[in-house]
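In what follows, chains are A, B, ... by sequence order, proteins preceding strands, each numbered from 1. Note that the structure is a prediction, hence the values are computed from the model and not measured. Side chains included, hydrogens not; waters and symmetry mates left out as well; all remaining heavy atoms used.
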Amino acid sequence: MTTEAASYFSRELLHWYLANKRDLPWRMNRDPYRVWVSEIMLQQTRVDTVIPYYERFMEKFPSAAALANAPEPDVLKCWEGLGYYSRARNLQAGAREVLTRHGGIVPDDKEAVSALRGVGPYTTGAIMSIAFNRPEPAVDGNVMRVLSRYFCLEEDIAKPATRVNIEKLAASLIPEGSAGDFNQALMELGALVCTPKSPGCLTCPVMMHCEGRMAGKEHVLPIKTKAKPPRRETRIAALITGSAELAGKLLVRQRPESGLLAQMWELPHVLAPEALAAAAPAKRRGRGKPAAAVGEASSAAGFAAADDGVMETAAGLELAFPAEPAANHADGGVLNVQAAGAASTDRRSAMADFLSRALSAEEGLLVRPDSWWGETDHVFSHIVWDMQVYRAEFGFWQSEAAGTAVGSGGTGEYPAAASEALAAYGEGPAPANYRWIGPEEMRTLAFPNVFVRILQDYWRDLD
DNA sequence: GATCCGTGGCA
DNA sequence: TTGCCAAGGAT
């Protein structure tokens, strides 16, 4: 590639961008905070999806100081449905750092920007070039695709090393004094013309010297190895209803501080063992009509009939919940379902059975499932949840004191002699991460989409 | 380097 | 319907 050809590319692309760029909310001005927020939201997320979130977010948190001083649950709620929720928490952590270390102003300093939580190589380049017009490359998926085609590069863009190489190329192409516009021009071309599936070469401003097109490879470039398919997990969730002062409310819990869907709220649910996983995946979100009662076949699996009375005594517990507790699987966390599987040929009864056993063992939560409610798939990048939802009646919380008395040791372990342990448990307080909510609480707590839909359906059906 | 992190649109 | 993938980063 001659410098002349590179110069042509940059000049023509920049010219095209200035005439064709979209009018997007984060292009209103070059406020580095606004640029920063937009770049975080746009990570792995389409422009059309981001726009309404961005408008709401900027209205609620118009400055780094405003974001830094906001309650974290408010920030997470504002991010609800956008995905990759650690972005929201990292962004707020970054805002707090900007407030305390840089006086509330995003610094015009590459190292300082790069050090902010959630800001990697791409976002650093984007902020430095767009907000400050510094000649830093900003190489995302669009840029790798555009440059792979234009320069007919056959390096696998799925490999991290490829991005590093393309960054060097991209840096060499930045026109003097136009870093921000040029970097956005590359991405804009990738989004509007040089698209992944059917590149619009006929309207491309740099078509004439595109090496990929001249080689007839515009449809095979860029080279990108396939990601491995997501694993499938069957999850059994519970719509747990209360009585008396809890009537009309549902029991929800908050997830741990890190990991999948960190700090989001959800219905209590457990991972189903392989023996209970669906033979066929739930093709679509669905509600069975009518909701099937699981009581009938469940007596064999240890379920009490619906009118067996309140589960308050040890005797009631024996009736309402399986006498045989789940065993602790060797590699941790997966309940053994052999007993339940053998006891019932009805998959839903076995699932309901397993649900009550697992909630008891994992959470100290005693409930009585009464019917299957519905099912839905929830797709992550690397996991697919086949969510089987059951209605259940709240029983009580097992007290921790009784648990330690029978030698239930560390976290996540099941009582060594759980049959006796269950009988020994008394009623205890609810764990801190659980809460009873009505429909109005949906406005303040952040739920992953799958639970938003289930809860909305549930409360709509009550009307 | 490989894996973990969400969600929705679309051919 | 299924697979792909979108302005990536942290570990």
Practice task
Measure across A/Asp109 and A/Ala112 and return the closest heavy-atom pair with its distance rounded to 0.1 Å.
Solution key: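 Reported closest heavy-atom pair: OD1-N, 2.7 Å.
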
Handout entry: Closest non-hydrogen atom pair, A/Phe9 against A/Leu186
Key =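 Minimum heavy-atom separation between A/Phe9 and A/Leu186: CZ-CD2, 3.8 Å.
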
Report the distance from atom [atom1] of [X] to atom [atom2] of [N], rounded to the nearest whole Å.
| X | N | atom1 | atom2 | answer |
| --- | --- | --- | --- | --- |
| A/Gln263 | B/dC5 | CD | C1' | 14 Å |
| A/Leu76 | B/dC5 | CG | P | 16 Å |
| A/Phe380 | C/dC5 | CZ | C1' | 18 Å |
| A/Gln43 | B/dC4 | CD | C1' | 15 Å |
| A/Ile127 | C/dG9 | CD1 | P | 9 Å |
| A/Asp48 | B/dG9 | CG | P | 9 Å |
| A/His219 | C/dC4 | NE2 | P | 18 Å |
| A/Leu42 | B/dG6 | CG | P | 18 Å |

What's [X] touching, base or sugar-phosphate or nothing? Going by heavy atoms closer than 4.0 Å.
| X | answer |
| --- | --- |
| A/Leu82 | base |
| A/Val143 | nothing |
| A/Arg89 | nothing |
| A/Pro448 | sugar-phosphate |
| A/Gly190 | nothing |
| A/Leu24 | base |
| A/Arg255 | nothing |
| A/Trp385 | nothing |

Problem - Closest-nucleotide ordering on DNA chain B, the 5'-leading residue of A/Thr45 and A/Lys228 - result: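 The 5'-side residue here is A/Lys228.
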
Practice task
Tell me which of A/Ala262 and A/Ser198 sits closer to the 5' end of DNA chain B, going by the nucleotide each one is nearest to.
Solution key: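 Closest to the 5' end, via its nearest nucleotide, is A/Ala262.
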
Exercise for the section: May I ask you to verify if any side-chain N or O of A/His382 is less than 4.0 angstrom from the OP1 or OP2 atom of B/dC5? Expected result: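 Yes.
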
Practice task
Check whether any side-chain N or O of A/Tyr84 sits under 4.0 Å from OP1 or OP2 of B/dC4, and answer yes or no.
Solution key: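 Result: no.
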
Please confirm whether the backbone N or O of [Y] pairs with a side-chain atom of [X], one donor and one acceptor, at under 3.5 Å?
| X | Y | value |
| --- | --- | --- |
| A/Arg27 | A/Arg22 | yes |
| A/Ser172 | A/Leu169 | yes |
| A/Arg149 | A/Leu221 | yes |
| A/Ser148 | A/Met144 | yes |
| A/Ser178 | A/Pro175 | no |
| A/Gln92 | A/Ala70 | yes |

Shortest side-chain distance from [X], nucleotide among [options]:
| X | options | answer |
| --- | --- | --- |
| A/Asn90 | C/dA10, B/dG8, C/dG8 | C/dA10 |
| A/His378 | B/dG8, B/dT7, B/dG6 | B/dT7 |
| A/Lys226 | C/dG8, C/dC4, B/dG8 | C/dC4 |
| A/Arg453 | B/dG6, C/dG9, B/dG8 | B/dG8 |
| A/Arg87 | C/dC5, B/dT3, B/dG6 | B/dG6 |
| A/Arg117 | B/dC4, C/dA10, B/dT7 | C/dA10 |
| A/Thr123 | C/dG8, C/dG3, C/dA6 | C/dG8 |
| A/Tyr85 | C/dG3, C/dG9, B/dG6 | B/dG6 |
| A/Ala161 | B/dT7, C/dG9, B/dG1 | B/dG1 |
| A/Asn449 | B/dG6, B/dT7, B/dT3 | B/dT7 |

Practice task
Determine the interatomic distance between C1' on C/dC4 and the same-named atom on B/dG6; round to the nearest Å.
Solution key: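 My reading of the C1' atoms in C/dC4 and B/dG6 gives 15 Å.
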
Practice task
In whole angstrom, give me the gap between the P atoms of B/dC5 and C/dC5.
Solution key: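 One P to the other, the span is 22 Å.
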
Practice task
Between A/Lys197 and A/Gly118, just flag the one whose closest nucleotide in DNA chain C comes earlier from the 5' side.
Solution key: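 Result: A/Lys197.
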
Problem - Base B/dG8 paired with A/Thr49 side chain (donor-acceptor, <3.5 Å) - result: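 Such a pair does not exist between side chain and base.
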
